[in-house]
Amino acid sequence: MTMITNHMPTAELQALDAAHHIHPFSKNGEFETTGARVITRADGVTLTDSEGVELLDAMGGLWCVNIGYGRHELADVAARQMRELPYYNSFFKTTHVPVIALSKRLAELAPGDLNHVFYASSGSEANDTNIRMVRTYWAELGKPEKQIIISRKNAYHGSTLGAASLGGMTAMHAQGGLPLPDMHHIDQPNWWAEGGDSDPAEFGLERAQQLEKAILELGENRVAAFIAEPVQGAGGVIIPPETYWPEIQRICDKYEILLIADEVICGFGRTGNWFGSQTMGIRPDIMTIAKGLSSGYIPIGGSIVSDKVAEVIAGCEFNHGYTYSGHPVAAAVALENLRIMDEEGIITRVAEDTGPYLQEKWRALADHPLVGEAKIVGMMGSIAMTPDKSTRAAFAEPGTAGLICRDRCFANGLIMRHVGDRMIISPPLVLEKSDIDTLIERATKSLDETYARLKADGVI
Ligand SMILES: *Cc1c(COP(=O)(O)O)cnc(C)c1O
C-alpha cells in the first residue's frame, strides 16, 4: 500500500515540493526560498497546516467546498462505488447507475428545460464541450458560419486552450497564443473600476448593450453564443448592476444567440439558490457546472443542456467526450453531496439565515477607512480597497494593498483571497454564525493592519 505520510518535518516537505511539484498560477521559483504552506487536515470550515496552525477557510478551497470539509458520507459512498464498479465509460452504448441517477437529479434541480447533462472532470473541460456543442448546434441547423462566441474581458472560464480563450484574462492570453479564433470579448459590468461618473444602473445597461453592438458589428449570422458567469468570480466577485442581466437576456432572445451561464462558482447554493441564473433571473440554454457539484471532494464537471439544444445535438454523432465523462465514483459522490445540501437545507440557510447574517456584517465593512464598496450576494462577497473613497481611486501600484491584506489575513488565521486590491470571500456554505463573527473580526483586524502599514509606507 502506498503510504502518504504527514509526519515529515515541514521544511523537508517544502523542499521536496519545491524540487518536484509545479504549482498552478504560481511563480514556482519562489518556493525555493519561501516554501509553500503544507495543509494536512480540514474539518468543517477550518484547515490545519503541518505546523498545527488553524485557518478559517473563507474561500472554501477554491470556491468549491460548499458543504464544508470532513463529511465522511462522501468518503463512504466513494469507497462503496469503487468496490462495486470503479470505472466504466459511456461511449459505446453503455451506461451505469450513478450517472443515470445524477443526471436525473440535475435535471430536477436545474431551472426550465435544462434536462440533459454532458459530463467532464472539470469546469474547463465542460466549457470546451460548450464551445464544440454550440458550434455543432448551429452547423446541424445548416448555419455552420455561426462560430463566434462572445464573452467578456476579465471573465474566467478555465485554463484549457478553449476555456482560457473564452475567458478574458489578458495575462492568460499572453501565454501560448490565445485566444483561439472566433472569440470576441466585450467589457465587463464592473462599475466600481470602470463606471466613471455614470450611475450604476445606466452603466449596467450600457455594458449589456455592448453585446448588441458586437452582434451587429460581427454579423448576426456569425455569432453562435454569449457566455458569462452570473457573477464574475475570479475576476474579483463583480456583482453586476441590476439592469445588466435583463438587458443581456433581451438581446440573446432578440438575436436568438445561445446563452451559456458559467455556473461553476455560482451553482449549488453559492448565491442562495441552486443556480446563479435563478438569482439573476436569466434563462440560459446551457449551464457549465463543476466545483460545488461535488463540493470539491472529487473532480467532476459538466454542461446542463436545454431540450432545444439537446434535440439538435441528438441528431448527429457528437464527436466529443472524455475518458472520465460521468465517472461512476465522481457521479456517486456528487449525488451524495447534493443529497446533503438538500436534506440539511444548506441553500435555505444561505438564502434566509446565515446568508443574510453574513451579508449584513460584510456590507458594514464599507465603513472601514480603506474600503470603498463591500458587495455580496448569497455567500460570495468582495470589498474594494481604495486610497480615496470619494473618487474610487486605484492605488498607484495596483495590488499593493491586496497583497498586504492577504498576508495579514493569513497571519490572523483567515484565508481570504485578493484580486488586485479587491478582497474576496466564498466560504463553505455551512458557516455558522459564530464562524461569521470570527471571519469578520479577523478581516477587520487585517484591514486595520493593512491600513496602518499603507500609512507607514506613505502610500495613503
Ligand atoms: C474555476 C472555474 C472554471 C474552471 O473550472 P476548473 O474545474 O478549474 O477547470 C470555469 N468557470 C468558472 C466560472 C470558474 O470559476
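Note that the numbering runs from 1 along the sequence shown for the chain. Order of listing sets the numbers, starting from 1, for every ligand and every atom in it. In this text, all values refer to a predicted model and were calculated from it rather than measured experimentally.
Rounded to the nearest 0.5 angstrom, L259 CG and R283 CZ are separated by 9.0 Å.
Residue-ligand proximity, Y156 to ligand 1, at heavy-atom distances under 4.0 Å covers atoms 1 (C), 2 (C), 3 (C), 11 (N), 12 (C), 13 (C), 14 (C). Each of the following atoms of ligand 1 lies closer than 4.0 Å to a heavy atom of I265: 15 (O). Under a 4.0 Å criterion applied to the non-hydrogen atoms of E229, ligand 1 contributes the atoms 13 (C).
Residues D285 and Y137 bring no donor and acceptor atom of their side chains to less than 3.5 Å of each other. With no hydrogens or angles considered, a side-chain donor-acceptor pair links S103 and Y119 at under 3.5 Å.
Note that R207 lies outside the cation-pi zone of W191, set by a 6.0 Å cut-off to the ring centre and a 45° limit from the axis.
Scanning the protein heavy atoms around atom 2 (C) of ligand 1, the nearest turns out to be K291 NZ, 2.6 Å. For atom 6 (P) of ligand 1, the closest non-hydrogen atom on the protein side is G123 N, 3.4 Å. The protein non-hydrogen atom at the shortest distance from atom 11 (N) of ligand 1 is D262 OD2, 2.7 Å. Distance from atom 8 (O) of ligand 1 to its nearest protein heavy atom, with residue and atom name: S124 OG, 4.2 Å.
Looking at H157 against ligand 1, only its backbone comes within 4.0 Å, counting heavy atoms. Contacts between W63 and ligand 1 below 4.0 angstrom, taking non-hydrogen atoms only, are absent altogether.
No N or O atom of E125 sits closer than 3.5 Å to an N or O atom of ligand 1.
Of the possible polar contacts, none joining the W274 side chain to the A110 backbone as a donor-acceptor pair under 3.5 Å is found.
Ring geometry, Y322 versus H320: the interplanar angle exceeds 60°, so the pair is classed perpendicular (tilted spans 30 to 60°).
Residues that satisfy the salt bridge (Lys or Arg N to Asp or Glu O under 4.0 Å) test with D128, not counting sequence neighbours, are absent from this structure.
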